[in-house]
J.: 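This is the structure I have questions about; it appears just below.
Since the structure is predicted, the reported quantities are computational estimates derived from the model, not experimental observations. We use all heavy atoms of the structure for the numbers below, so side chains are in, but hydrogens, waters and symmetry mates are not. Indexing begins at 1, ligand by ligand and atom by atom, following the structure's order.
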Amino acid sequence: MYIYKAAVIGAGTMGAGIAQVVTYSGLPVILKDVNQEAVDRGLATVRKIYQNRVDKGKMTASEMDQKMALVSGATDFSGFSDVDIVIEAIYEDVSVKQKLFQELEKICPEGTIFASNTSSLPISAIASAIQKPDKMIGMHFFNPAPVMKLVEVIPGLGTSEETIDDVVLFSESLRKIPIRVQECAGFLVNRLLMPYLNEAALALQEGAASAKEIDTALTEFGMPMGPLTLFDMVGIDVSVKVSDILHDAYGPRATAAEILRALEKANRLGVKNGAGFYTYNEEPKESLETLIEKVNAASASSKGFSANRLIMPMINEAVISLQEGVASAEDIDIAMMAGTGFPQDKGGPLHYADQIGVDVVLSELESLKENHGDRFWPAPMIKRMVQGGYLGKKSGKGFFQY
Ligand code: CAA
Ligand code: NAD
């Protein structure tokens, strides 16, 4: 099916970015939110993204006007009677999303594709509320949507192959890299990213290192931004929701750091409201130090910090996902580079494991387990690979062949 017109629902951080991506590809899009103020904010974000390009000489003002003419704001469903795809980017709550899609089913044409940009809610659960689950799919963009190349394409249990193919082609037409991912909590990228981010929060709350030291260690490793800066960009509230879903699915190894909930309670939600791990344009009521003191009383004393403390759990979760068939080794690496900026020269977490040695990964995980607990328990496949001589580059075979 060719997509001639799209709608994006939710004009917040993600929705506005996705609407810009759609218009950039030359397609008309409706950007809908609950009230005019939110719609206007979303439209202003789209304009700001284009204005930045104009200011850098990457497009002319008249080209910007042409692109802006493709996006129209809405607070109701007028204009939805001929949309080919709806991309939902609203509040992360399954029943709120279900209600929205039920309403959309009554308004949109028979063949409309219903895509959710959910960070971690099961696509099958959202689809269970509608009449045509074959049309429902996960289409997961990464923040900032105009920049990050990845789109995770996540079929639910009832999604048809036709819908999957259409969304893969549509994502390519948006100049994105679509990667098909088997449905699981956190899908692929958040499942690997969250243990890495959470470990940064745990190290901070233990007093193992300062926020700046943690972020610097990871940018020195080659990540495009530090993990605590990234938490602030994603939003502490969104991160807590994702963490809870991961904990529900994967148990104790995915227990969220207490500092996250303390930040949320103190209304330090990140860049979007002026303060999170860092302070932006708002002076928060409670300082980060006070919050750390509060949660630190209950947590273990500092046991050291290194970038490996964050990278190893990411590799471990990559291997567990590989074992489960969530995606191929190749796709796991591409997804982490295109979705999070994992350093290209390291080739993604599994190529990196091969580079440093799968045996080294195993001994690092064992030592982290000793020092910090069972959340670092090595994936069975890592042990099997070491026993079988699949040590990575140095033995000519690992996650990849050399
Ligand atoms: N919107 C639009 N464009 C943006 C932008 C935004 N919010 N932020 C940055 N850009 C653009 C800049 O304008 C710049 O464009 P040009 O190349 O045309 O000049 C380009 O991105 C690079 O930006 P900067 O030079 O300002 O800064 P940078 O090189 O440090 O890149 C970054 C910024 C792209 C955000 C980079 O730091 C990065 O890749 N960070 C990692 C982001 C990440 O991991 N995202 C995934 C989060 S998880 C998620 O989204 C899933 C979920 O469900 C929670
Ligand atoms: P946000 O809070 O910035 O924006 C959500 C917007 O949706 C708000 O403007 C709100 O008014 C609007 N909204 C809520 N209910 C609505 C409804 N019924 N109809 C129309 N509009 C409605 O949130 P966000 O960070 O953009 O996240 C949106 C979705 O994208 C969530 O599912 C989130 O998990 C997912 N996501 C977030 C990120 C991220 O980094 N923030 C990345 C990928 C995916």
Side-chain angles (χ1 to χ4, degrees), residues 7-21 24 30-42 45-46 48-59 74-77 86-104 115-121 126 138-152 186-194 196-197 215 218-219 222-227 229-243 245 269-273 335-344:
V8 174
I9 307 199
T13 310
M14 292 307 292
I18 296 167
Q20 189 274 337
V21 170
Y24 193 62
I30 303 171
L31 182 58
K32 182 188 181 302
D33 208 300
V34 285
N35 56 45
Q36 196 56 46
E37 198 190 334
V39 171
D40 289 344
R41 213 177 309 125
T45 305
V46 178
K48 195 171 152 207
I49 297 166
Y50 279 124
Q51 188 62 53
N52 272 338
R53 294 187 64 77
V54 173
D55 293 346
K56 286 177 186 163
K58 292 189 170 178
M59 73 189 319
T75 53
D76 60 21
F77 291 109
V86 178
I87 305 168
E88 164 276 312
I90 66 167
Y91 189 60
E92 185 79 338
D93 179 284
V94 76
S95 61
V96 176
K97 290 190 196 271
Q98 283 175 335
K99 251 187 231 129
L100 173 70
F101 282 113
Q102 280 170 341
E103 214 169 330
L104 283 165
S116 175
N117 182 51
T118 175
S119 295
S120 53
L121 296 169
I126 303 174
M139 192 177 177
H140 189 206
F141 291 79
F142 289 78
N143 190 2
V147 185
M148 308 314 285
K149 296 305 271 179
L150 180 68
V151 172
E152 284 182 328
F187 312 132
L188 176 63
V189 170
N190 281 339
R191 181 171 173 175
L192 271 58
L193 186 65
M194 222 22 103
Y196 157 94
L197 293 179
D215 274 358
L218 274 300
T219 51
M223 298 302 280
M225 56 172 44
T229 308
L230 181 54
F231 258 134
D232 280 356
M233 190 180 87
V234 166
I236 302 298
D237 49 345
V238 173
S239 303
V240 167
K241 284 225 151 80
V242 176
S243 301
I245 286 167
L269 304 182
V271 176
K272 66 178 154 195
N273 79 340
M336 292 310 284
M337 288 189 288
T340 72
F342 192 97
Q344 300 263 346

J.: Should the heavy atoms of other residues, nucleotides or ligands under 6.0 Å from CD of Q36 be counted, would the total exceed 12?
T.: yes

J.: Taking only heavy atoms of T118 into account, list the atoms of ligand 2 that are under 4.0 Å away from them.
T.: 32 (O)

J.: Name all pairs fulfilling the salt bridge (Lys or Arg N to Asp or Glu O under 4.0 Å) condition that reach into residues 48-58, sequence neighbours left out, sorted by first residue then second.
T.: none

J.: Which option wins on minimum heavy-atom distance to atom 40 (O) of ligand 2: T45, L31, N143, N190?
T.: N143

J.: Tell me the protein heavy atom at minimum distance from atom 30 (O) of ligand 2, and give that distance in Å.
T.: N117 ND2, 3.1 Å

J.: Find all atoms of ligand 2 within a distance of less than 4.0 Å from any non-hydrogen atom belonging to V34, and give their numbers and elements.
T.: 11 (O), 16 (C), 17 (C), 19 (N), 20 (C), 21 (N), 22 (C)

J.: Where's the contact between F142 and ligand 2, heavy-atom distance under 4.0 Å: side chain, backbone, both or neither?
T.: neither

J.: Of the protein's non-hydrogen atoms, which lies at the shortest distance from atom 9 (O) of ligand 2, and what is that distance?
T.: D33 OD2, 2.6 Å

J.: Determine, considering heavy atoms only, which of S119, A74, A145 sits nearest to atom 33 (C) of ligand 2.
T.: S119

J.: Would you call D237-K272 a salt bridge at under 4.0 Å N-O?
T.: yes

J.: Is ligand 2 less than 4.0 angstrom away from at least one heavy atom of A89?
T.: yes

J.: Suppose I only count heavy atoms of K97 and a 4.0 Å limit; which atoms of ligand 2 are within that range?
T.: 31 (C), 32 (O)

J.: Who pairs with V189 by side chain to side chain contact (heavy atoms under 4.5 Å, CB included), at least two apart in sequence or on another chain?
T.: F142, L150, E152, A335, M336, T340

J.: If you measure only the distance, is there a donor-acceptor pair under 3.5 Å linking the side chains of S120 and N190?
T.: no

J.: My understanding is that we take every heavy atom of each candidate and find the minimum distance to atom 29 (C) of ligand 2. Doing that for I90, L121, V8, V242, which one comes out nearest?
T.: I90

J.: Who passes ring-ring contact (aromatic ring centres under 6.0 Å, His included) against Y24, sequence neighbours left out?
T.: none

J.: Need the list: ligand 1 N/O atoms against protein N/O atoms, distance under 3.5 Å, rounded to one decimal.
T.:
unit_1	atom_1	unit_2	atom_2	d
ligand 1	13 (O)	K56	NZ	3.0
ligand 1	15 (O)	K56	NZ	3.4
ligand 1	18 (O)	K58	NZ	2.6
ligand 1	19 (O)	K56	NZ	2.6
ligand 1	45 (N)	N143	O	2.7
ligand 1	50 (O)	N143	N	2.9
ligand 1	53 (O)	S119	OG	2.8
ligand 1	53 (O)	H140	NE2	2.8
ligand 1	53 (O)	N190	ND2	2.9

J.: Does H140 approach ligand 2 within less than 4.0 angstrom via side chain, backbone, both or neither, non-hydrogen atoms only?
T.: side chain

J.: Under 4.5 Å between any side-chain heavy atoms of S119 and K241, yes or no?
T.: no

J.: Using a 4.0 Å cutoff against the non-hydrogen atoms of I9, which atoms of ligand 2 qualify?
T.: 19 (N), 20 (C)

